[in-house]
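For ligands, and for the atoms within them, numbers begin at 1 and follow the listed sequence. On a predicted model such as this, the values are computed, not experimentally measured, just so you know.
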Amino acid sequence: MRWDYLYRFQNRYTEGGFKRLLREGFSCENTLIDYSPTVTACGHTCVYTGSVPAITGIIGNEWFDREKGKVIGCVDDESVTIVGSPGGTAQSPHNNLSTTITDQLRIATNYQSKTVGIAIKDRASILPAGHAATAAFWFNSADGNFITSTYYMQELPDWAKRFNEKKVIDTYYEHDWETLFPIQTYTLSTTDNKEYENVVNGDASPVFPHRLKQFKGKNYGAVRTTPFGNTLTFDFAKSAIEGYNLGGGKFTDFLAISLSSPDAIGHTYGPNSIEQEDDFLRLDRELSVFFSYLDKRFGKGNYLYFITADHAVSESPGYYLDNKMPAGAIDDKELANLENGLKEKFSIEKPILGYSNDQIYMNWGDFDKKSIDHKEVEYFIKGVLLKSPGIANVVATGSLGTASLPDPLKTMLIKGYNVKRGGDFDIIPQPAWKNGSLKGASHGTWYPYDAHIPLIWMGWKIKPGFTNRVIAMSDISPTLAALLHIQMPSGSIGTPIIEITNKSGK
Ligand SMILES: [Zn+2]
């Protein structure tokens with residue numbers, strides 16, 4: 001979610017959703033992600049650890065692992081198996097090197113607090129819930145079940161089994177995805193059919209209505225790119241609150257919910273599509289219902305709620321070009337060309353070991369056998385890649401500190417670079433350039449369109465208001481620690497947001 005969605009679609013938001021957050025809550029209007037790459041796993045980890053990839057080791061959704069010689073998923077864990085569906089290798093938070101705020105709550109109460117993570121994406125549930133979590137649940141597209149792993153438990157709780165048996169997705173699929181209001185009233189978005197939107201789920205073109213009825217009992221993955229992925233997540237979250245009696249005991253419990261569909265819809269159709277606008281109009285109504293539910297169950301002011309995003313998003317490069325603004329797509333061939341160039345120039349069979357998160361992992365061992373100066377290789381790589389119109393810069397990650405880069409870019413790259421897990425060169429794209437295709441939209445860069453996120457607090461101990469002071473994503477966990485009177489996570493580098501924590505402040 002990008003921060004500007006709070007305002008751009010406000011004329012059709014309800015009083016109980018985003019407008020309630022802005023009215024009754026405290027909004028940190030200029031919250032920025034303080035590292036790069038701005039991707040899902042790093043975002044969830046930063047929100048819940050108050051820390052950055054340099055320290056947490058969560059440097060991307062996946063990364064090239066030098067020891068294994070292959071790309072690994074951020075939460076993949078070969079030592080655990082899936083619970084709740086037949087299936088093999090499962091997931092756990094073992095790659096996160098820091099404790100989380102949820103872990104700290106567990107420690108502070110000698111594990112009498114419950115902490116639960118819920119999301120469609122595995123990483124968006126597992127990383128927030130923490131290492132010492134009561135549970136983390138995520139969605140399995142293959143059979144439409146919420147699942148977990150043996151890291152947490154040997155069997156799903158009865159309430160989760162009952163939820164899965166109901167197959168609620170089939171009830172969402174009884175209707176196609178139609179716009180909430182007449183389609184001609186979506187004047188804040190482009191017309192429905194643009195060549196830079198992707199087509200998914202067997203649609204003939206990227207237009208409403210998106211057919212869902214055909215997927216009943218068949219294609220549960222299709223729910224991800226519809227607003228009903230949010231409905232599903234809220235429905236399961238309510239079951240978890242009731243199943244675990246969260247907030248019903250003597251100690252503070254923590255429920256971390258991540259809504260993964262806005263991201264999937266943004267990637268597919270882009271933030272200027274009717275699909276994205278409709279998704280947020282619907283999400284606003286879902287939030288309103290969820291807050292009413294929480295009010296009824298716990299009483300207004302008896303729960304603390306905060307909303308933020310693991311990253312924001314760029315406009316589609318196709319959209320920018322259509323409207324005479326600079327953008328483009330970086331051809332996948334650039335790296336193949338570089339690899340061939342290196343082979344020829346230095347007579348090395350496999351000069352590059354891997355590539356992930358816009359970083360190149362070099363096979364320095366083979367260069368060293370031939371006593372080739374790394375600087376010479378660096379000049380060659382820059383010479384090749386900087387010819388590409390979409391590449392703004394190439395920096396050696398080992399010397400980021402002395403690189404001639406402006407802030408905040410330089411600091412964000414340093415915070416995002418983990419010496420044990422990161423690559424040797426960082427490729428920085430031009431603003432609004434995206435890897436691969438002009439279609440759809442993406443995120444991951446240091447630019448503000450990816451880094452500027454919403455952050456609003458509401459409820460327990462929160463006075464209404466806002467600040468325009470620049471606040472970092474890594475400040476969220478220290479603020480929670482201050483409010484809860486518990487220790488910050490082990491890797492935390494953030495500082496509490498004093499506008500929130502100062503009881504005597506205005
Ligand atoms: Zn994404």
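In this structure, Tyr417 has no ring pair (Phe, Tyr, Trp, His ring centres under 6.0 Å) partners at least two apart in sequence or on a different chain.
The side-chain tip of Lys70 does not point at the ring of Phe64 from less than 6.0 angstrom away and within 45° of straight on. A cation-pi arrangement is found for Arg12 relative to Tyr186, the charged atom lying closer than 6.0 Å to the ring centre and inside a 45° cone about the ring normal. A cation-pi arrangement, defined by a distance under 6.0 Å to the six-membered ring centre and an angle within 45 degrees of its axis, is present between Lys167 and Tyr220.
At a cut-off of 2.8 Å, His311 does not coordinate the Zn ion (ligand 1) through any N, O or S atom.
Geometry note: the Zn ion (ligand 1) is the vertex, His443 NE2 and His267 NE2 are the arms, and the angle is 100° (rounded to 10 degrees).
Looking at Asp263, its N, O or S atom nearest to the Zn ion (ligand 1) turns out to be OD1.
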